[in-house]
Structures are given as C-alpha cells and as structure tokens.
Amino acid sequence: MARYTVTSALPYANGPIHFGHVAGAYLPADIFVRTLRMKGEEVLFVCGTDEHGVAITLRAEEQGLAYDEYVARWRQEHLETFRSLGIEFDVWSGTSVCPDHTATAQGFFTELDHGGYLIRRESEQLYCTHDEKFLADRYVMGTCYVCGHEQARGDECPSCGTWIQPLKLGSPRCKICSNEPERRKTTHWYLDLPKLRDEYIGEWIEDHQWKPNVSAFIKNMLADVPERAITRDMDWGVPLPEGVEGREGKVLYVWFDAPIGYISFTKELMARRGEGPDAWEKWWKGDTRLVHFIGKDNIPFHCMVFPAMLYGTHQDYVLPWAVPANEFYNLEEGKFSTSEGRTIDPKTFFETYDRESVRWYITTTLPETADAEFSLSGLVTTHNADLAGNIGNLVSRVLKFIAKNYDGRVPDLFEEHRAEMDAEILEHCGLIADPAEAVLAFQFRSAARIVTANASVANLFMQRLEPWSLRKTDPERAASALNTLCQYLGWLARWMAPFLPEKAGQLWAMLGMQDEVTGRAWPGLPQAADWRFLEPGHRLGTPAALFPRLEAPPE
RNA sequence: GGCGGUGUAGCUCAGUCGGUUAGAGCACAGGCUUCAUAAGCCUGGUGUCACUGGUUCGAGUCCAGUCACCGCUACCA
C-alpha cells in the first residue's frame, strides 16, 4: 500500500478546456487514479481553477463582469467539461474561493521570507494615472526602439520580433485608455531561486528520475535560474500577509499562488469531510507520493519552481515523486487555439460522439513522448476497430449466443475440460498482459493497446473453439468454452474500468453483476487456479451493443 | 535572439544500454469462418529511418552541421 496525492494542472479560469488540455493533464490523471483505487491504494485527486492574474481581470472588465462572477462561470464550465468526460476529482475548487487558500499562500510567503529566500527590491515601472494601475508589459503599446514600428507591444515587437523593455518604448501608451503612462517606483519581492537551487533543489533535480522529455528540458534550465518576482501591483489576488511593510496594493503573483492551490484545496476537502485540522498533512508530508500531471508548458514550475517553494518553507513538504508531463496535442494540423476558434466544444461534441469513445481515442493517441494529433477520422476508425470490432463485438457474439441457446445463464463447466480450456485461453490464444503495469509506468497508450490485445485473445479463443459447431457435435465442450468466455469477459470489464468506466459498468451489468465494476479490486492477470468467479447457472443481464459502429465523418 | 522538441511504411505512431533480415495499429489485397456490431481468424512490407559529414567492427540510435515544421520564452538589466 502506498499513498498518492495526484494533481492535474489547475486550468486558468479564462477560457474553455479543450482536448489538448484533456490529453495533457486530466484524462491520464483520471486513468491513473482509477487504476490506483482499484489496486487498493490510498489516493487523493486534486484540481480546481487558477483564478487570479491580470489576464482574468481584463477579460472580466471587457465583459462587464465582476471578477468573482467571471471566474465562477469558468469554474463551473470547466467542471462540467470534466464531468462530461467522466473525469472525477476528489476536490474541485478555485484559488479565489477556497477558504484555505489565502492563509496557505500567505504562509508560503512568510515561511520563505523567514528562510531568507525572498529578496525585496525597488524598480521603476509604467503607471497609468488614468486607470490608476501599474501596467503589465502586455498592456503597454509604443514605438519599437529597434525597428521603429509604432504598434509594438510592451513584451515583444510584432514587426521585428525584438523583446521589448517597456521602459524604453518610444511614446508609450496605455492599452486600456491610450493615455501616456508615467514612470513610478515600486517595490516587489523576488524568489531567490539561485539560492534554493544551490542549497538543495539543484541536487534534487539532478538525482531525480524524470521522464526523458522532462529531463532534457530541465537540465539546461538549472544553469541559468533567475530570481523571479512573486508580487504584483494589483488588487485581484492573494494580499501579502499582515505586517509585511509595503504590502498595500500588492498581491502575490499568480504563478506563485496557483500551485499552492493544490494544498489549500486539500485542506478544504479535509475540512469538509470533518477530518480535523491536520488531516491534510498526511497528503503532503511523510511518505506520500506526489504526482503532478501537466502539459509540457508547465515543466519549469512543477519540476523546479514549486519544488523549490515546497522545500524553502522548511515545513517538511514532500517533493514531487513523478511529473508525467505530456507533450502537446494538436487538432488536425493546427494547434487547439481558443483565440483562432480552432476548438471542439465538448458540449456539442458529445451529442454526436460517445464520451467513452473520446476517452479511448485520446488515450490511444496521448502525446506521451512527442506531440500528437487528434483527428475525427482517427476517432471513428479507432472506435470501429478497437471498441466496436474488437471489444464490443466480442461481448455481443458471446452473450447473444448464450442468451439464445443457454437461457441467458452461465453455461456449465465440465471438469474434464477445465485444464484444457484454462490453458487455451490463458496461454495459447496470445499474450495476456496487465494494463495496470503500463498505467503505473505512465504508459497509457501502451496500456490501452494491452486492453485490446487481451480482448483479441478471447476473439481468437472463440474462433478456435467454434462453440457454434461444438454445440451440435459436442455440447458439453461448447458449454465449457462459453463458460470460459463468460469468465474472461468479467476480467475484461475490470481491465476496461479505468479507461472506459461507463462501458465497463454496462458490460459488468450484462454479466449479471449487481455492484459497481469500478468498486472491484484490480484483477491483475488471471491464474488458472482460481480465475473463474461466475458460477454456472448465474443469470446474465441483457446483451446489447456496447459500442455501436460509427459512420465515417463527412469529407 | 535563447531554449526545447519533432522529421521512421499510404495514415497515426513505437523503436530501451548503438548489435542479426527496422516494428505495431489502421488502411489496402487475398483466403477461412458464419456465433456476432459488413464484426472474427490467417496470410501479405524493395521504408534513400529528413539531408550531409564524422566516431565505431557495427548508427534509426552517439557527435557536428544543414533543411523543414512545432512549442516555450520571465514585467529580468
């Protein structure tokens, strides 16, 4: 038994979730968690929205909404998207509403400060007297000092690609009101990442086993670690702790407070469960395995910055045990992009396509080692090949045959056939593997292939035994063969459960089982000695097409 | 500009420590079967492993360079 705290990257409450996000951080995490649960491990699955930051305030203002209303809308919409995919977190919260978040985030600030990891520094920034705020780079426009382009943004010139320092822009303007901003001095706190690296985190990163795609990325990063500002001049966010000099008008920078949400959401859940004020600690301290599911854009934060924060508090937090970062998932030759409208809206999408098919297709194409691609035609062919042709048809051919000829009851197993039937299906019809082993190694594509390969074993068994012929020539052998197939379908349903929870449940019910398949223990590999669990004569459910075939998509 | 990734069969992709005739699924073709969802089973691959050069007994794999595509890039001077 081990204990796992599993997190999925907090989605930013500023736009819809698309399949790229789902493939990167949410679906694999859900499969991982479901597998661990069936294996009897203690698991907590944490997620919620990241709700602070200037991008949110500006979008909210554009739409004439209060900040809290605006983020609440996305918080709800994201949750519905996840539900529509069968992705189920233990806790779903948001950084602006979680009752424990402010204190937890402020605690990090205070503890890091006590540890000597914060640097206080004064700098000059552009301040808009009209809007009464300091302007983020992206909200300053002006003339590029390199090429003279007049519409240069405060972070980058769209004409020549130069990185812009906003203080150097010619005739700067505020993007909101077009007035000219003035220079003002302001004080910010910086996280001393070089110190944290040299003290411990650098060594920890070097020694840690990372996925290959993660490893390449962070090794280079270590050489040139910056001090990072962790505060900003604005009012939407976590205020600095009481008693900090110069805290007025400043909040924690959104990247700093967001990952702390994993911890504050844990606290919120434990409080809701009434488990006492320290119950959250077992998920963040001691021998818990912390697993962060993220897209590759989040690697620096989750492999270096957040671990450095956890360490720097000296509160005995565990550091990540694994960060199975995925690459990017593209939609038919172009990035999933909200701004360009290249997006599939899950709400309408699921009116046409079954969510389980989508889960399956995404799993079989996850960007585990390299960027990967989602296509409608791929979804349809994968559905028809793996789910309809292989698994669904297997269930159908076995259960309909039994419904028609055996009164819908598990046929008898004749003892003289037992050893032969066991050997035939468990050894001679192909290799049976345990998909959980691949899941625990974060190889989800491979795990899905194992499930279909295991189903193929039963298709081959049926082909070789030909119960439709045996029924006339040797009815007892036919019964034994079909009994064997029923047992095997029971294993298949459990193997399917983490990937296809709903369909696995339907198959489970077709086998006449009354309980939830997801509540069953993980089956592992069937052993001839004791793998048969259905009694002869057991009443089966009503067979139906688990995965109806799909027509090819238009064009 | 910096950093990272990708380039392998018609398509989507595997390929661990460099090691025999480079693999899988899909698609396609032929055959078998008829319980089943036009499903199942069997058989079928002469790929410049992007290009050039190098290291090596041996390179898809390691090194250098070139080309193409993609991603990230901090309010840090």
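Residue numbers start from 1 in every chain, and the chains themselves are labelled A, B, ... in the order their sequence lines are given, proteins ahead of strands.
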With a 3.5 Å limit on both atom pairs, tell me what [N] is paired to, counting Watson-Crick and G-U wobble, or say none.
N     : result
B/G25 : B/C11
B/A77 : none
B/G60 : none
B/C41 : B/G31
B/G71 : B/C3
B/A50 : B/U66
B/G18 : none

### Message
Does the plane of the ring in A/F414 sit parallel, tilted or perpendicular to the ring in A/H417? Use 30° and 60° as the thresholds.
### Response
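Perpendicular, since the angle between the ring planes exceeds 60°.
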
### Task
Over 60° means perpendicular and under 30° means parallel, so classify the ring planes of A/Y406 and A/F401, tilted if in between.
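Correct class here is tilted.
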
### Of A/S123 and A/N405, the one whose closest RNA chain B nucleotide lies more 5'
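In this pair, the answer is A/N405.
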
### Task
By nearest nucleotide on RNA chain B, pick out whichever of A/I391 and A/L460 is the more 5' one.
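It is A/I391 whose nearest nucleotide is closer to the 5' end.
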
Rounding to an integer number of angstrom, what distance separates [N] and [M] when you compare their [atom1] atoms?
N     : M     : atom1 : answer
B/G47 : B/C11 : C1'   : 14 Å
B/G65 : B/C26 : P     : 41 Å
B/U48 : B/U12 : P     : 16 Å
B/U33 : B/C41 : P     : 16 Å
B/G7  : B/U61 : C1'   : 15 Å
B/A22 : B/A64 : C1'   : 25 Å
B/G4  : B/G40 : P     : 45 Å
B/C42 : B/A27 : P     : 15 Å

### Query
Is A/R549 near enough to B/A39 that one of its side-chain N or O atoms lies under 4.0 angstrom from OP1 or OP2?
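For B/A39, OP1 or OP2 has a side-chain N or O of A/R549 closer than 4.0 Å.
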
Given [options], identify the nucleotide with an atom nearest to the side chain of [X].
X      : options             : value
A/S396 : B/A74, B/U37, B/U33 : B/U37
A/Y253 : B/U33, B/A39, B/A74 : B/A74
A/R397 : B/A74, B/C41, B/C35 : B/C35

Find the distance [X]:[atom1] to [N]:[atom2] and express it as a whole number of Å.
X      : N     : atom1 : atom2 : value
A/F19  : B/U12 : CZ    : P     : 20 Å
A/L394 : B/C41 : CG    : C1'   : 13 Å
A/L546 : B/A36 : CG    : C1'   : 13 Å
A/N384 : B/A36 : CG    : P     : 19 Å
A/Q463 : B/U34 : CD    : P     : 9 Å
A/L470 : B/U33 : CG    : P     : 16 Å
A/N326 : B/G5  : CG    : C1'   : 14 Å
A/E227 : B/A77 : CD    : C1'   : 12 Å

Give one of base, sugar-phosphate or nothing for [X], where a contact means two heavy atoms less than 4.0 Å apart.
X      : answer
A/R464 : nothing
A/G389 : sugar-phosphate
A/A229 : sugar-phosphate
A/Y190 : sugar-phosphate

### Message
Within the 4.0 Å limit for protein heavy atoms, which parts of nucleotides 23-31 of chain B are touched? Write it as a string from 5' to 3', B for base, S for sugar-phosphate only, - for none.
### Response
---S-----

### Query
Are side-chain heavy atoms of A/D50 and A/P11 found at a separation under 4.5 Å?
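Side-chain contact under 4.5 Å: no.
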
### Task
Using a 4.5 Å cut-off on heavy atoms from C-beta on, say whether the side chain of A/I119 contacts that of A/W189.
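When only atoms from C-beta onward are counted, A/I119 and A/W189 do not touch, as no gap falls below 4.5 Å.
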
### Message
Test ring pair (Phe, Tyr, Trp, His ring centres under 6.0 Å) on A/Y26 and A/F293; report intermediate values, then the result.
### Response
CA-CA 7 Å; A/Y26 306 100; A/F293 281 86; 9.6 Å; no

### Message
For the aromatic rings, using the six-membered ring if either is Trp, is the centroid distance between A/W495 and A/Y488 under 6.0 Å?
### Response
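Centroid separation for A/W495 and A/Y488: below 6.0 Å.
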
### Check: A/F374 ring centre within less than 6.0 Å of A/F19 ring centre
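Yes, the ring centres sit under 6.0 Å apart.
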
### Message
By the definition salt bridge (Lys or Arg N to Asp or Glu O under 4.0 Å), identify the one residue from A/E466, A/E424, A/E420 that meets it with A/R477.
### Response
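Only one option passes, and that is A/E420.
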
### Query
Has A/W468 got its ring stacked on the base of B/C35, with centres under 5.5 Å and planes less than 30° apart?
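Base of B/C35: stacked against A/W468.
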
### Message
Could you go through A/R184 and A/E182, starting from their C-alpha distance and side-chain angles, then the distance that decides it, and tell me whether this counts as salt bridge (charged side-chain N to carboxylate O under 4.0 Å, His left out)?
### Response
CA-CA 6 Å; A/R184 272 200 194 178; A/E182 61 176 45; 2.8 Å; yes

#### Entry: Closest non-hydrogen atom pair, A/V54 against A/Y12
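Nearest pair, atom of A/V54 first, then A/Y12: N-OH, 4.3 Å.
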
